[in-house]
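Before any comments, here is the structure.
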Number of protein chains: 2
Amino acid sequence: MRSYGQYCSVAKALDVVGDRWTLLIVRELMLRGSARYTDIREGLPGIATNLLADRLRELEREGLLARRPAPPPVAAMLFELTDRGRELEPVLDALGRWGVPFMAEGPCEGDEFRSRWLTWPAEAFLADHEPGAPPATVELNAGGEPVVLEISAGKVQAVPGPVDDPDVSLSASPHTLLGVLSGQIDLATARSRDLELHGDERVIRRMQPLAA
Amino acid sequence: MRSYGQYCSVAKALDVVGDRWTLLIVRELMLRGSARYTDIREGLPGIATNLLADRLRELEREGLLARRPAPPPVAAMLFELTDRGRELEPVLDALGRWGVPFMAEGPCEGDEFRSRWLTWPAEAFLADHEPGAPPATVELNAGGEPVVLEISAGKVQAVPGPVDDPDVSLSASPHTLLGVLSGQIDLATARSRDLELHGDERVIRRMQPLAA
DNA sequence: CCGCATCCGGGGCGATACTG
DNA sequence: CAGTATCGCCCCGGATGCGG
């Protein structure tokens, strides 16, 4: 990207990560840990393949990303963030939190969705209101790979991937799921739409935002 | 900007503020409170005037910015952020902090500079190590308008604008000033370059990062 | 199949000139 | 002062090709 030519840390940051798609690539690598070219692409519906290759090169040149060959059996390349790259987490967090209100309206026509992306809304809405209680896990299913909410010690963390024997499991469309997590839809209404719930409902209330 | 078409809060955020120049415009409005078109432009060296007009319209449409006529004597328009716009502060903070390391190398050839931009490096480096001591102020002068550091109750805040009777006043090139604030250059070395210091040196040590 | 490179059309961006 | 108008360029998007 063309430099802004300003001796300002915000401008310098945008010189590096201000290009279109760049921060979304960082998002995918942050959520996945390490990934192959094709996996990254799957998480970035709409990106042109040459742009992805360009950006990955750029990010590597800037020291935000490293590539290394996958362990022997497979002949593939793995991409992962460097420490400097992972330091962008506060940036993504801030952006993700700021963007949460846009999710309330539901997906726009044609919007793609991956359940990993629920991490920001989830962590923005939720908190553990019973810090003393034993840890609990919630499985979120909105199509594709599930996401797990780990509730313990006053915090709620969202991590991609399945889990064995969650305390409760929610399956619904992304929009309904967000409505439930944000407390804007109660469980009964959500069920009348497309929510399926299995397990202990009380775990939901433990982490939901306090009613308005 | 063309939407990323992803039902993800990070992507939705970037749909709105991911355009080139947009976050820098928000930066200027955040630092200035409210400003006229020409003032904003002065803080964005390099921007094309039609782009600035476009972006301001966009930001207004998105509800991040409002324009209102200036108080009677002057016939001018004032631009200022709405609450929703000011909520971007954590985003700018995160970006600004992440970008600070790029400032260490000094300005690139042709880089423009405004002293307000020192806010992020200043708040990133500094802390009040004598929370009990009475408040103090430091004037930073790097050309153009000065910036004031307000040190009190364990915190250091940087705000644009001059101040009456600061405890200490520093004048130097931006690069030297940053070196001093970050503790990478000691005062003697800085003085041998272009630093001029008036007032109580101890206030500097009160807020400087602890020596390595 | 994985990880690109190439080609091409369209639009966002940059610079300057101009105007109410 | 606060923008519009214009124009060239380059970045981006989409499709396809292609070597390992």
Side-chain angles (χ1 to χ4, degrees), chain A residues 1-6 11 14-25 28-29 32 34-62 65-80 110-112, chain B residues 1-6 11 14-25 28-29 32 34-62 65-80 110-112:
Chain A
M1 132 169 300
R2 167 164 222 198
S3 169
Y4 286 106
Q6 302 183 355
L14 290 173
D15 280 349
V16 176
V17 298
D19 257 322
R20 190 160 164 80
W21 290 107
T22 301
L23 277 176
L24 293 185
I25 293 172
E28 285 304 307
L29 289 167
R32 288 172 178 273
S34 85
R36 295 175 306 170
Y37 186 90
T38 320
D39 299 329
I40 303 176
R41 213 182 146 182
E42 181 273 345
L44 296 168
I47 197 174
T49 151
N50 57 340
L51 268 192
L52 178 53
D54 281 357
R55 295 291 185 266
L56 290 175
R57 244 191 313 270
E58 265 302 297
L59 287 171
E60 192 180 3
R61 227 175 42 86
E62 299 283 356
L65 175 148
R67 72 179 71 200
R68 81 182 145 87
V74 259
M77 205 57 102
L78 287 184
F79 298 84
E80 56 189 359
D111 268 5
E112 296 274 350
Chain B
M1 134 169 297
R2 169 169 215 184
S3 168
Y4 285 106
Q6 302 183 354
L14 290 173
D15 280 349
V16 176
V17 298
D19 258 322
R20 190 160 165 80
W21 290 107
T22 301
L23 278 176
L24 293 185
I25 292 172
E28 285 305 306
L29 289 168
R32 288 173 180 272
S34 85
R36 295 174 306 170
Y37 187 90
T38 318
D39 298 330
I40 303 176
R41 214 182 146 182
E42 181 274 344
L44 295 168
I47 197 174
T49 152
N50 57 341
L51 268 193
L52 178 52
D54 281 357
R55 294 293 185 265
L56 290 175
R57 246 191 310 272
E58 265 302 296
L59 287 171
E60 191 180 6
R61 224 176 45 85
E62 298 284 356
L65 175 149
R67 71 179 73 198
R68 81 183 146 87
V74 259
M77 206 55 105
L78 286 184
F79 298 85
E80 58 189 357
D111 268 4
E112 295 274 351

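By convention in this document, chain letters (A, B, ...) are assigned in the order of the sequence lines, proteins followed by strands, and residues within each chain are numbered from 1.
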Would you say [X] reaches [N]'s phosphate, i.e. side-chain N/O to OP1/OP2 under 4.0 Å?
X       : N      : answer
A:Trp21 : D:dC11 : no
B:Arg57 : D:dT4  : yes
A:Thr38 : C:dG3  : yes
A:Arg2  : C:dA15 : yes
B:Arg67 : D:dA2  : no
B:Arg55 : D:dG3  : no

Donor-acceptor pair present, A:Asn50 side chain and D:dG14 base, under 3.5 Å:
yes

Separation of [N] [atom2] from [X] [atom1] (nearest whole Å):
X       : N      : atom1 : atom2 : result
B:Leu14 : D:dC12 : CG    : C1'   : 16 Å
B:Leu56 : D:dT4  : CG    : P     : 10 Å
A:Asp54 : D:dC11 : CG    : C1'   : 10 Å
B:Leu52 : C:dG12 : CG    : C1'   : 16 Å
B:Leu51 : D:dC9  : CG    : C1'   : 14 Å
A:Phe79 : C:dG3  : CZ    : P     : 6 Å
A:Asp19 : D:dG13 : CG    : C1'   : 14 Å
B:Arg36 : D:dC1  : CZ    : P     : 6 Å

[atom2] on [Y] to [atom1] on [X], rounded to 0.5 Å:
X       : Y       : atom1 : atom2 : result
B:Ile47 : B:Leu52 : CD1   : CG    : 4.5 Å
B:Leu51 : B:Trp21 : CG    : CH2   : 8.5 Å
B:Arg68 : B:Met77 : CZ    : CE    : 11.0 Å

Touch class at under 4.0 angstrom, heavy-atom based, for [X] against every strand present:
X       : answer
B:Met77 : sugar-phosphate
B:Ala48 : base
A:Ala53 : sugar-phosphate

Consider the side chain of B:Thr49, meaning its heavy atoms from C-beta on, and name the nucleotide among C:dT16, C:dA5, C:dG3 that approaches it most closely.
C:dT16

Measure the acute angle between the ring planes of A:Tyr37 and A:Phe79, then classify it against the limits of 30° and 60° as parallel, tilted or perpendicular.
tilted

Closest-nucleotide mapping onto DNA chain C: is B:Arg20 or A:Arg41 further toward the 5' terminus? I mean the 5' end.
A:Arg41

Check this for me, if you would: do A:Arg57 and A:Glu60 make a salt bridge, where the nitrogen-to-carboxylate-oxygen distance has to be below 4.0 angstrom?
no

